[in-house]
Protein chains: 2
Amino acid sequence: MRPTLQTVADAVGVSRSTVSNAYSNPDQLSAELREKIFEVARKIGYPGPNPAARSLRRGRAGAIGVLFTDSLPYAFTDPYAVQYLRGVSEAAERYDSGLLLVPLAGDEKAGIHAVQNAAVDGFCIYCVPEWHWATDAIRSRGLPIVTSEQHDDDRPDVLYVGIDERGAARAAAAHLVALGHRQVAFLSDYVVPERITAPVHIASPEEVRYYTAGERLRGFRDAFAEAGVAWADITVLSAAANSREDGARAAAYALDRADRPTAILAVTDLLALGVLDALAVRGLRPGRDVSVTGFDDIPEAGAAGLTTIRQDPIERGRRSGELLLDPPDDPASRRVLLPTELVVRASTGPAPHGWS
Amino acid sequence: MRPTLQTVADAVGVSRSTVSNAYSNPDQLSAELREKIFEVARKIGYPGPNPAARSLRRGRAGAIGVLFTDSLPYAFTDPYAVQYLRGVSEAAERYDSGLLLVPLAGDEKAGIHAVQNAAVDGFCIYCVPEWHWATDAIRSRGLPIVTSEQHDDDRPDVLYVGIDERGAARAAAAHLVALGHRQVAFLSDYVVPERITAPVHIASPEEVRYYTAGERLRGFRDAFAEAGVAWADITVLSAAANSREDGARAAAYALDRADRPTAILAVTDLLALGVLDALAVRGLRPGRDVSVTGFDDIPEAGAAGLTTIRQDPIERGRRSGELLLDPPDDPASRRVLLPTELVVRASTGPAPHGWS
DNA sequence: CGGCCCTTCTGTATCGATCCAGAAGTCTTC
DNA sequence: GAAGACTTCTGGATCGATACAGAAGGGCCG
């Protein structure tokens, strides 16, 4: 028979409430009594208040749910995702909460089941499309959600932490425009539903259903459109996954052509690093023969001299967690926009003569 | 007012128990009634049984706790750890449980607090020394633990999933002995408490307090001792962390000497890959000028042609999770020893003449 | 047709804590 | 010295589900 609050209370000779207060409301009883209670609890082997009972009574689960599409290993290969998770875990710690991972690896039915049974106070969803079935499952539980995707039709109950994806991407592209680049390629994952690594034709970035990729491509497009470069004259490369390897494979399609672009704009650093790999294999010099930009500023980007857009994933995770556990009453502050910064490094330079 | 089982029961006109059975014991009521209950529940907006209440009543938290020392990001840089986690999550899914991460990032007090409040049915501890304070905190809660460390004095309540660390390491070393290597260096993290990257002097591997590193070094020692190589004649290199960079830095101390070793045995693949990097920088050929062995067989090891000991981290994680959630009555099967295999690749070859 | 089993559903007790109104005792204060 | 304020502790109600014993009804068999 496991000891409970009552067991301890009886042993000390006080009421159950007092023992509870010893653990949860120290200012409600004298320090000596509190010490005495702890001592007896230790002797009896009472492990402290049962988390399930506490959750039930308090109406708080004491954990943040984090949704992952695809497999866990895939998620962890993305350094940005890992940093984000770290930020969320910092917020969780501050609010005395845990971090419950909910992988959506199996089929839809299993995933919905997992979401419905998770003992959490809300979900931080990351890299999960807004229209994903899992978000409906969360909504139907009435739990708050923090997304990283901005929507016009967002209801007031949806929390948001993100960046101005489109504006930031536009800044990166404007930098290349200023350097004289006019013949360019855009590289992105999630461009088309098929998830292939190949050049693809899409009528406009508005066709891209995946939020982050779509917004960034729109930003790229905006800057070049302003400089008079038509969408039809831009090569769009699709990568099957957000990985260095797929970035390199996709870049090959553009680099091995006679009219190779003078610059390649990738929607993530991982893809951009792949482009650098592809350049190295061909003996092409980044920033001279071909300029390359990334997005995120992961640690490897600095080492590789990659021009990119810096954003702070830890801060993003932290703010997400905080917003979830302690939502402000003011509707305006339920949507947080974090700053970004263009970091110019050696991978971008003036467009080579004769090409532009 | 949020709807509960009772709300639904009243709306349908049945008892609370029947609604509960609809969700949890489908064979206890007719299919038509079950459908009707679900339909009404959907209409009312009942999100399904409250996880906290269910946990309390069932006496099962429905989650596996995973303890991480250090920071989350550090843990996720280790590909082996990520694979392990994936295995645990597979087991969790099978038993309808979640995965609660408990990072021990903060100070000890915060960590103990986190462990005590985690709503879990037990912990899988990985890369956490057996004597760590956190394990005491778990024990005092009376929760089961799955460790990966073998101990003579283990109590029967401790579950174990691991490999024959010492025997496997011995096999790798024996392979090098057979190739004629006699002048060697061992490379490991956690050798000395100071966590430095430098050659260190220790009287014997028995001094190493960290289980995995200690056992593997003992295995290396065993094989070379049998071949007549004294411990005093072996260089021990300490790496500050289990990373490629520290592996390369540590290897430099052995490679830049006149009497450089003909082989370097690392206790992890990550460190061994660092050694290969150090060789490359110096124009030394792995498997010809210097042989290198690793441990774990992470994916990168295959690509790099690294001779190593293969073990299956996913399987290890899965078995750990299964053992935790469904411990067998038979004490013997509460300790699982997984197989390992020596994988010989290009990074090892005969000892060069004139050195051995 | 009575007895028995089987399916389907009900009612009560219970899991282990927290909340809150209030009681008892102590200390100020006029 | 009585009223009021403050500290410290108590008891009962409650959070939302599940377990289990048992009741009601229908079908089968001898």
Side-chain angles (χ1 to χ4, degrees), chain A residues 1-38 40-41 44-63 96 116-121 141-143, chain B residues 1-38 40-41 44-63 96 116-121 141-143:
Chain A
M1 190 60 200
R2 298 185 60 74
T4 71
L5 272 191
Q6 188 70 65
T7 322
V8 178
D10 292 346
V12 179
V14 294
S15 84
R16 185 171 65 250
S17 308
T18 302
V19 180
S20 171
N21 284 331
Y23 283 95
S24 310
N25 302 82
D27 57 331
Q28 294 293 304
L29 74 174
S30 66
E32 308 92 73
L33 180 57
R34 182 157 187 256
E35 265 318 305
K36 191 173 157 199
I37 288 175
F38 284 161
V40 172
I44 294 184
Y46 175 66
N50 176 315
R54 168 178 277 178
S55 289
L56 174 59
R57 184 60 248 233
R58 287 197 179 159
R60 246 198 78 203
D96 221 57
Q116 283 174 337
N117 286 309
V120 298
D121 295 310
R141 268 190 69 180
L143 292 176
Chain B
M1 190 59 199
R2 298 186 60 75
T4 71
L5 271 190
Q6 187 70 66
T7 321
V8 179
D10 294 346
V12 180
V14 295
S15 85
R16 188 168 60 251
S17 308
T18 302
V19 180
S20 172
N21 283 333
Y23 284 95
S24 310
N25 301 83
D27 57 330
Q28 294 294 303
L29 74 175
S30 64
E32 308 92 73
L33 180 56
R34 183 158 185 255
E35 265 318 306
K36 191 174 159 200
I37 288 175
F38 285 159
V40 172
I44 295 185
Y46 175 66
N50 177 315
R54 167 178 278 178
S55 289
L56 176 59
R57 184 62 246 236
R58 293 225 253 232
R60 245 197 81 204
D96 220 55
Q116 283 173 338
N117 286 310
V120 298
D121 294 311
R141 269 189 68 178
L143 292 177

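These numbers come from the heavy atoms of this one structure, side chains and all, not from hydrogens, waters or symmetry mates. Below, chain A is the first sequence line, B the second, and so on; all start at residue 1.
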(message) I need the CG-P distance between B:Leu5 and C:dT14, as an integer number of Å.
(response) 20 Å

(message) Checking A:Arg54 against A:Ser24 for the side chain to side chain donor-acceptor pair (under 3.5 Å) test, could you report, in this order, the C-alpha distance in whole Å, the side-chain angles of both residues, the deciding distance, and whether it holds?
(response) CA-CA 10 Å; A:Arg54 168 178 277 178; A:Ser24 310; 3.1 Å; yes

(message) Output the rounded distance in Å from CZ (B:Arg60) to P (D:dA19).
(response) 11 Å

(request) Drop me the distance from A:Asn21's CG to A:Ser15's OG, to the nearest 0.5 angstrom. (result) 8.0 Å

(request) Kindly indicate whether the side chain of B:Arg57 and the base of C:dT14 share any N or O donor-acceptor pair separated by less than 3.5 Å? (result) yes

(request) Would you kindly give the CG-to-P distance between B:Asn25 and C:dT7, to the nearest whole Å? (result) 15 Å

(request) May I have the step-by-step check of ring pair (Phe, Tyr, Trp, His ring centres under 6.0 Å) for A:Tyr46 and A:Phe38, ending in yes or no? (result) CA-CA 9 Å; A:Tyr46 175 66; A:Phe38 284 161; 9.7 Å; no

(message) Would you say that B:Ile37 contacts B:Thr18 through its side chain, given a criterion of any heavy-atom pair below 4.5 Å between the two side chains?
(response) yes

(request) List the protein contact pattern of nucleotides 5-12 of chain D with one symbol per nucleotide (5' to 3'): B for base contact, S for sugar-phosphate-only contact, - for none; contact means a heavy-atom distance under 4.0 Å. (result) ---SBBBB

(message) Tell me the interatomic distance from B:Leu56, atom CG, to C:dT18, atom P, rounded to whole angstroms.
(response) 12 Å

(request) Using whole Å, report how far CD of B:Glu32 lies from C1' of C:dT7. (result) 12 Å

(message) Would the base of D:dT18 count as contacting B:Arg54 through its side chain, where contact means a donor and an acceptor less than 3.5 Å apart?
(response) no

(request) Pick base, sugar-phosphate or nothing for A:Tyr23, based on heavy-atom distances below 4.0 Å to the nucleic acid. (result) nothing

(request) For the pair A:Ser20 (side chain) and A:Arg16 (backbone), establish whether a donor and an acceptor sit closer than 3.5 Å, ignoring hydrogens and angles. (result) no

(message) Tell me the interatomic distance from A:Ile44, atom CD1, to C:dG16, atom P, rounded to whole angstroms.
(response) 15 Å

(request) Using a 4.0 Å heavy-atom cut-off across all strands, classify A:Ser24 as base, sugar-phosphate, or nothing. (result) sugar-phosphate

(request) Just report the end-to-end axis angle for the helix from C:dC1-D:dG30 to C:dC30-D:dG1, five pairs per end, to 10 degrees. (result) 40°

(request) Please answer whether the main-chain N or O of B:Ser55 pairs with a side-chain N or O of B:Arg60 as donor and acceptor at a distance below 3.5 Å. (result) no

(message) At less than 4.0 Å, is any side-chain N or O atom of B:Ser20 found next to OP1 or OP2 of D:dT18? Yes or no.
(response) yes

(message) Nearest 0.5 angstrom please: A:Arg34 CZ to A:Gln28 CD, how far?
(response) 12.0 Å

(message) Is there a side chain to side chain contact (heavy atoms under 4.5 Å, CB included) between B:Thr4 and B:Asn50? Walk through the geometry before answering.
(response) CA-CA 8 Å; B:Thr4 71; B:Asn50 177 315; over 6 Å; no

(request) Using atom CD of A:Gln6 as one end and atom C1' of C:dC15 as the other, report the distance to the nearest whole Å. (result) 14 Å

(message) Between B:Asp121 and B:Gly62 (side chain of the first, backbone of the second, donor and acceptor by atom type, cut-off under 3.5 Å), is there such a pair?
(response) yes

(message) Could you tell me how far apart B:Arg2 (CZ) and D:dC15 (P) are, to the nearest whole angstrom?
(response) 14 Å

